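Here the structure is a predicted model, which means the values were calculated and not measured. Letters A, B, ... mirror the listed sequences (proteins, then strands); counts begin at 1.
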Amino acid sequence: MPEKAPFYITTAISYPNGVPHIGHAYEAIATDAIARFMRLDGYDVYFLTGTDEHGQKMQQTAAKLGLTARQLRDQNVPAFEKMVQAMGCSNDDFIHTTEERHYRASEELWRRMEKNGDIYLDKYAGWYSVRDEAYYAEDETHLNEHKVRLASKTGTPVEWVEEESYFFKLSAYQDKLLKLYADVPDFVLPKERLNEVASFVKGGLKDLSLSRTTFDWGIPVPGNPKHIMYVWVDALTNYITGVGFPDDSSEQFKRYWPAALHVIGKDIVRFHAVYWPAFLMSAGVAVPKRIFSHGFLFNRGEKMSKSVGNVVDPFTLAETFGVDQLRYFFMREVPFGQDGNYSYEAIANRINADLANDLGNLAQRSLSMVAKAFGGVLPEPGAFTAEDQTILAAADAMMDVAREHMKTQQLHHVLNAVWSVVADANRYFASEEPWAKAKTDPQRQGTILYVTAEVIRQVAILAQPFMPTSSGKFLDLLAVSADERGFEALAAGKRLPHGRQLPAPQGVFPRYVEPEADPNAAPEPKAEKPKKQKKQPKEPKPPTEPA
RNA sequence: GGCGGGGUAGCUCAGCUGGUUAGAGCGGCGGAAUCAUAAUCCGUAGGUCGGUGGUUCGAGUCCACUCCUCGCUACCA
């Protein structure tokens, strides 16, 4: 048996200063779909997700609640672990940045960067707004009529503050990073994101403040525990901690690093495409192969926010529609890499049309005919007609198309290709009219049913990464054994064996029916919402994805 | 302000290097069928391709200008 190629894939780690939201779930689902796809395609996949538990914001949020940072962490983190499970994720590990192994990894990465001469102690100075808790550059401030200096963006007063800080010589990595982007044109996908990053880097890089002395919830700097590592050093390091760093001679590390893919939100592209490779280059560790930036999800065109009252809990969505249905919706409806919209109607429409009607009903009508007319034994097909061959050829072509799209993580295109065959199969079934053949030509009826079952088999195998449980049910209905469900079962010449006794057909995707209007139970607020987000002044602190 | 994307049927979007009557899905409408989860199939939708002016035998598809919109423009993550 040939050696499996390794494929290390990660989500960003979530920042648990609140509860998991739909953005966290989306990223987990998408990453899981890719991980499952690659596994089924014969790769040795290692899939890591986790939580980023340090930082000033955790400490602040905790303080507001009268808790310690550690207590807040203990309170919030379990929900993230549960969420990943509830979304059906197949992660091999779940990392917490408060774990001992992660301290060791972060400290070692720091030491290596320091040893390479890229870390130096200096003063961080700038115009600091106490109210915004943020530094501003000189040109981001102005003097008002009373000669008081204000942050231009927020209008809050600023004062000159100097703070001792370690710095990373990011400026020394400008050319190396630009070379990386040139040498690996798919280093960041979608391409627009790489362009943005490249133009940022071309604009010149300043050294990066790498430590803080103003709070203590984090990893102390080796040799100078007054300083806490800048949380991004800590956070990014999770990716190598997860495969055994600092033991970089371990089998695990050698096997899986560099990562094949970091899946992240578009708001943190810079940290992953600029800082992270620079840190790694400095420490003499290989850089990841690819970073994929997904978009944001909007509820009816609006950013989720408490004031709008459209905060949607991923657990509730999964309970309402089913995990697999929810996964399918996000993977099919949202072009991966772009922003997307969702609403209860959109989800219901999509899963009813594609899952209940097109696929579920096709399976039900064909398999119940097998049960009725053939005693549940999949009939042996006769000679294939041109029509049979056409639909079979369409099914046989799916795998290559899917692999091609998966090379660039075009998940929605994978599903488009599969569901285009589902539509073909429905047309085939309708025009062949197997129900009319029961009396006139049972042999032909059997062939039509066999062909339909074979197409469903292929569809179900390819749908597994997206809807693991439901796809498994279809394969159960076809009596496909566990070792016949990998993508190698879609290789040329592989066909559903006839003559097997099939279990009694059961619906896999029930139609979603909106609960009767009940103001208390109705999941969807019926208030009219504008289609597009109204233009609003930019908030000083835009809501973000997990760090 | 600078750089980079977008503005195409009611909705979500395809339309590569310019070339016959501008496409898909969903929705809507009409019809067929009745094996099936009232699911499926067939037909239909006449949209100034943001606006104006150009280049060309010919332009959503190239150029200029213009309107609108989104993203990036570093140290909260």
Can you see if the side chain of A:R511 gets near the phosphate of B:rA39 - specifically, an N or O under 4.0 Å from OP1 or OP2?
yes
With rounding to the closest Å, how many angstrom separate the C1' atoms on B:rG23 and B:rA14?
7 Å
Can you tell which of B:rU34, B:rA39, B:rC76 lies closest to the side chain of A:N361?
B:rA39
Is there a Watson-Crick or G-U wobble partner for B:rA22 with both distances under 3.5 Å, and which nucleotide is it?
none
Integer-rounded Å distance: B:rA77 C1' and A:F215 CZ
10 Å
Distance check, C1' atoms only: B:rG46 and B:rG7, in whole angstrom units.
22 Å
For the side chain of A:Q56, counting heavy atoms from C-beta on, which of B:rU40, B:rU34, B:rC76 is nearest?
B:rC76
With a 4.0 Å cut-off on heavy atoms, is A:F271 in touch with a base, just the backbone sugar-phosphate, or nothing at all?
base
How far does the C1' atom of B:rU44 sit from the matching atom of B:rG60, given to the nearest Å?
24 Å
Complementary nucleotide for B:rA9 - Watson-Crick or wobble, under 3.5 Å
none
Counting only heavy atoms not in A:Q75, do more than 12 sit closer than 6.0 Å to its CD atom?
yes
A:W110 and A:Y166: aromatic ring centres closer than 6.0 Å?
yes
For A:L362 and B:rA33, give me the distance from atom CG to atom P, rounded to whole Å.
21 Å
In whole angstrom, give me the gap between the C1' atoms of B:rU20 and B:rU61.
16 Å
Calculate the interatomic distance between A:R365 atom CZ and B:rA38 atom P; express it in whole Å.
12 Å
Categorize A:S209 for me: base, sugar-phosphate, or nothing, with a 4.0 angstrom heavy-atom threshold over every strand shown.
base
Looking at the side chain of A:D267, which of B:rA77, B:rC35, B:rU37 is the nearest nucleotide?
B:rA77
Counting the atoms with a prime plus P, OP1 and OP2 as sugar-phosphate, which does A:G204 contact under 4.0 Å by heavy atoms, base, sugar-phosphate, or nothing?
base
Phosphate OP1/OP2 of B:rU40 contacted by A:N357 side-chain N/O (<4.0 Å):
yes
Salt bridge check, A:K407 against A:D186: does any charged N sit closer than 4.0 Å to a carboxylate O?
no
Check every strand shown and say whether A:V274 touches a base, only sugar-phosphate, or nothing at a heavy-atom separation below 4.0 Å.
nothing
Just call it for A:L367: base, sugar-phosphate, or nothing, with non-hydrogen atoms closer than 4.0 Å on any strand.
nothing
When rounded to the nearest 0.5 angstrom, what distance separates OG in A:S470 from CD in A:Q325?
5.5 Å
Base, sugar-phosphate, or nothing for A:N195, non-hydrogen atoms under 4.0 angstrom?
nothing
Nearest-nucleotide wise, let me know which of A:S199 and A:R212 is further upstream toward the 5' end of RNA chain B.
A:S199
Residue whose nearest RNA chain B nucleotide is more 5′ - A:G203 or A:N349:
A:N349
How long is the line joining CZ of A:R193 and P of B:rC70, in whole Å?
14 Å
Starting at atom CD of A:Q445, determine the distance to atom P of B:rA36, rounded to an integer number of angstrom.
12 Å
My understanding is that a pair needs two contacts under 3.5 Å, Watson-Crick or G-U wobble. By that rule, which nucleotide pairs with B:rU17?
none
Can you name the residues that form a side-chain hydrogen bond (donor to acceptor under 3.5 Å, both in side chains) with A:T11, not counting sequence neighbours?
A:T49
Is the base of B:rG60 syn or anti, where syn means the angle lies within 90° of 0?
syn
Please name the nucleotide paired to B:rU44 by Watson-Crick or G-U wobble geometry with both distances under 3.5 Å, or report none.
B:rG28
Mind checking if A:G360 touches a base, just sugar-phosphate, or nothing, with heavy atoms under 4.0 Å?
base
Can you tell me how far C1' in B:rC72 sits from the matching atom in B:rA9, rounded to whole Å?
33 Å
Going by an N to O cut-off under 4.0 Å, is there a salt bridge joining A:K123 and A:E162?
no
The side chain of A:F200 lies closest to which of these nucleotides: B:rC35, B:rC75, B:rA74?
B:rA74
Report the nucleotide, chosen from B:rA77, B:rC35, B:rU37, that has the shortest atom-to-atom distance to any side-chain atom of A:V231.
B:rA77
Have a look at A:L170 and say if it touches a base, only the backbone sugar-phosphate, or nothing, with a 4.0 Å heavy-atom cut-off.
base
Quick check, are the ring centers of A:F168 and A:Y230 under 6.0 angstrom apart?
no
How far, in whole Å, is B:rG4 from B:rC65 if one measures between their P atoms?
13 Å
Whole Å only: how far is the CG atom of A:N426 from the P atom of B:rU40?
7 Å
If the P atom of B:rG71 is compared with that of B:rC57, how far apart are they to the nearest Å?
42 Å
Determine the interatomic distance between C1' on B:rG1 and the same-named atom on B:rU12; round to the nearest Å.
34 Å
For B:rC65, give the paired nucleotide (Watson-Crick: N1-N3 plus N6-O4 or O6-N4; G-U: N1-O2 and O6-N3; both under 3.5 Å), or none.
B:rG51
Sugar-phosphate, base or nothing in reach of A:N352, heavy atoms under 4.0 Å
nothing
Reckon A:K372 has a side-chain N or O less than 4.0 Å from the OP1 or OP2 of B:rA36?
yes
Could you tell me whether A:R427 contacts a base, only the sugar-phosphate backbone, or nothing, with contacts defined as non-hydrogen atoms closer than 4.0 Å?
sugar-phosphate
Within the 4.0 Å heavy-atom criterion, would you say A:E192 contacts the bases, only the backbone, or no part of the nucleic acid?
nothing
Run A:Y344 and A:F321 through ring pair (Phe, Tyr, Trp, His ring centres under 6.0 Å) and show every step you take.
CA-CA 9 Å; A:Y344 275 78; A:F321 298 108; 5.5 Å; yes
